[in-house]
Amino acid sequence: MTLLAVEGLGISFGGVRAVHDISFSLNKGEIVSIIGPNGAGKTTLFNMISGVYTPGAGKVLLEGQDVTGMSPHLLARRGLSRTFQNLQIFQAMSVLENVMSGFHLREKGSVLADLFALPGARARSRLVERDARALLARVGLERAAEREAGALSYGSLKRLEIARALALSPKVLLLDEPAAGCNAVETEEIDHLIAEVAASGTAILLVEHDMKMVMRISNHIVVLDHGEKIAEGKPEEVSQNPK
């Protein structure tokens, strides 16, 4: 089942063509990686898909519906979540509170109910905390739940950001360099986590510079250079492509 389809996507900045005519699709439980040198347009492509940038050309289809240029919070409601190349963690909040913040779309109560800690609000908070702790266990951070997020190692912060993205129960998860800056052990932990999330049925679009990791976990790879697609296929096909 195709969850995400990108058709002829492109954008220019001040006359400079950053991304041109990119097309690919992403199916349920599949890991598709976008690779290429620095400046190839990988993060720009992510930003168009996730609603940070409005494309100058092409379409983004989510479950067959045109969501091109839709705001990130509306895409989140439709099941598309992402992490960022530069960590977007609430450093002064606890690890648990960071993940709980990811459940904001589930919060249907009124401000007054929370302000006065009414029974319904307390019940919702308990449910969110329970589910947040389950996500922390899933990413291997359950013992750090009460710690301040800023005290975690870089690799743990990367897993924390993935846990918060998973709080939205996404159908499609975009991961922008989840292993960047991590050591070998941390990279392996993230590798296993990504594979487990995909195995649960979530479609994953990945930008990553660690080629060993990409070749190991990807079902499909799209290669960009100077904003254009120069190769596409299974890992073994891409690794043998002279381009």
Side-chain angles (χ1 to χ4, degrees), residues 4 6 9 11 13 18-19 22 24 26 30-53 60 72 75-76 80-91 95 98-99 102 135 138-141 149-150 152-168 170 172-198 202-232 235 238-239:
L4 180 72
V6 172
L9 217 56
I11 193 171
F13 299 105
V19 173
I22 303 298
F24 62 87
L26 182 60
E30 187 177 31
I31 301 174
V32 173
S33 292
I34 310 294
I35 66 172
N38 289 331
K42 302 183 299 296
T43 296
T44 299
L45 178 62
F46 254 43
N47 285 339
M48 287 190 287
I49 294 170
S50 61
V52 177
Y53 295 159
V60 178
L75 288 170
L80 188 146
S81 184
R82 73 167 290 181
T83 64
F84 291 83
Q85 185 176 342
N86 299 314
L87 286 166
Q88 303 293 317
I89 294 295
F90 300 114
Q91 300 281 343
V95 170
N98 265 274
V99 179
L135 278 177
R138 187 176 181 184
V139 303
L141 291 175
L152 294 184
S153 68
Y154 193 76
S156 295
L157 287 173
K158 287 283 190 175
R159 283 184 283 140
L160 175 58
E161 192 167 42
I162 293 173
R164 188 176 59 191
L166 290 173
L168 290 169
V172 178
L173 177 60
L174 278 60
L175 300 175
D176 194 352
E177 297 195 32
C182 296
N183 60 37
V185 173
E186 292 169 335
T187 297
E188 185 175 0
E189 291 171 342
I190 291 171
D191 182 328
H192 291 317
L193 175 59
I194 293 171
E196 183 270 321
V197 171
T202 302
I204 294 178
L205 186 61
L206 174 71
V207 164
E208 184 53 63
H209 283 287
D210 188 325
M211 287 302 99
K212 289 183 179 179
M213 177 182 176
V214 166
M215 294 298 171
R216 189 166 54 240
I217 69 173
S218 302
N219 301 111
H220 194 81
I221 297 175
V222 177
V223 189
L224 302 186
D225 190 25
H226 292 93
E228 298 192 359
K229 183 169 67 175
I230 62 169
E232 182 178 10
V238 168
S239 66

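One-based numbering along the sequence shown.
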Counting distance only, does the side-chain N/O of [X] pair as donor-acceptor with the main-chain N or O of [Y] below 3.5 Å?
X	Y	result
Glu186	Asn183	yes
Lys42	Glu208	no
Asn98	Phe90	yes
Glu177	His209	no
Arg82	Pro72	no

Looking only at heavy atoms, which two atoms of [X] and [Y] are closest? And how far apart?
X	Y	result
Leu173	Ala165	CD1-CB, 3.7 Å
Leu168	Ser81	CD1-OG, 3.5 Å
Ser50	Leu174	CB-CD2, 4.2 Å
Tyr154	Cys182	CD2-SG, 4.3 Å
Pro178	Ile194	CG-CD1, 3.9 Å
Ala149	Leu157	O-CD2, 3.2 Å

Can you tell me how far apart [atom1] ([X]) and [atom2] ([Y]) are? Round to the nearest 0.5 Å.
X	Y	atom1	atom2	value
Leu160	Leu152	CG	CG	6.5 Å
Ile162	Leu193	CD1	CG	5.0 Å
Ile35	Met211	CD1	CE	4.5 Å
Thr83	Leu206	OG1	CG	9.0 Å
Leu166	Leu135	CG	CG	6.0 Å
Ile34	Ile22	CD1	CD1	8.0 Å

The single option from Ile49, Val222, Leu205 passing side chain to side chain contact (heavy atoms under 4.5 Å, CB included) against Val6
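Of the listed residues Ile49, Val222, Leu205, the side chain to side chain contact (heavy atoms under 4.5 Å, CB included) partner of Val6 is Ile49.
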How about His226: does its NE2 atom have over 12 heavy atoms from other parts shown lying under 6.0 Å from it?
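Not buried by this count: 12 neighbours or fewer within 6.0 Å.
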Under the side-chain hydrogen bond (donor to acceptor under 3.5 Å, both in side chains) test, residues paired with [X] that sit two or more places apart:
X	answer
Thr202	none
Gln91	none
Ser153	Ser156

List for me each residue that meets side chain to side chain contact (heavy atoms under 4.5 Å, CB included) alongside Tyr53, sequence neighbours excluded, and say none if there are none.
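Residues passing side chain to side chain contact (heavy atoms under 4.5 Å, CB included) with Tyr53: Ile11, Phe13, Thr44, Asn47, Met48.
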Glu30: side chain to side chain contact (heavy atoms under 4.5 Å, CB included) partners, not counting sequence neighbours:
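Applying side chain to side chain contact (heavy atoms under 4.5 Å, CB included) to Glu30 gives Leu26, Asn27, Val32, Asn219, His220.
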Can you list every pair that meets salt bridge (Lys or Arg N to Asp or Glu O under 4.0 Å) and has a residue in residues 211-226, with sequence neighbours left out?
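Pairs touching residues 211-226 that pass the test: Asp191-Arg216.
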Could you please spell out the steps behind the side-chain contact (heavy atoms from CB on, under 4.5 Å) verdict for Met215 and Ile221?
CA-CA 9 Å; Met215 294 298 171; Ile221 297 175; 3.7 Å; yes
Would you sort out whether Val197 and Arg138 count as a side-chain contact (heavy atoms from CB on, under 4.5 Å), showing the intermediate values?
CA-CA 10 Å; Val197 171; Arg138 187 176 181 184; 4.0 Å; yes
Do Lys158 and Glu189 pass the salt bridge (Lys or Arg N to Asp or Glu O under 4.0 Å) test, and can you show the C-alpha distance, the side-chain angles, and the key distance before you say yes or no?
CA-CA 10 Å; Lys158 287 283 190 175; Glu189 291 171 342; over 6 Å; no
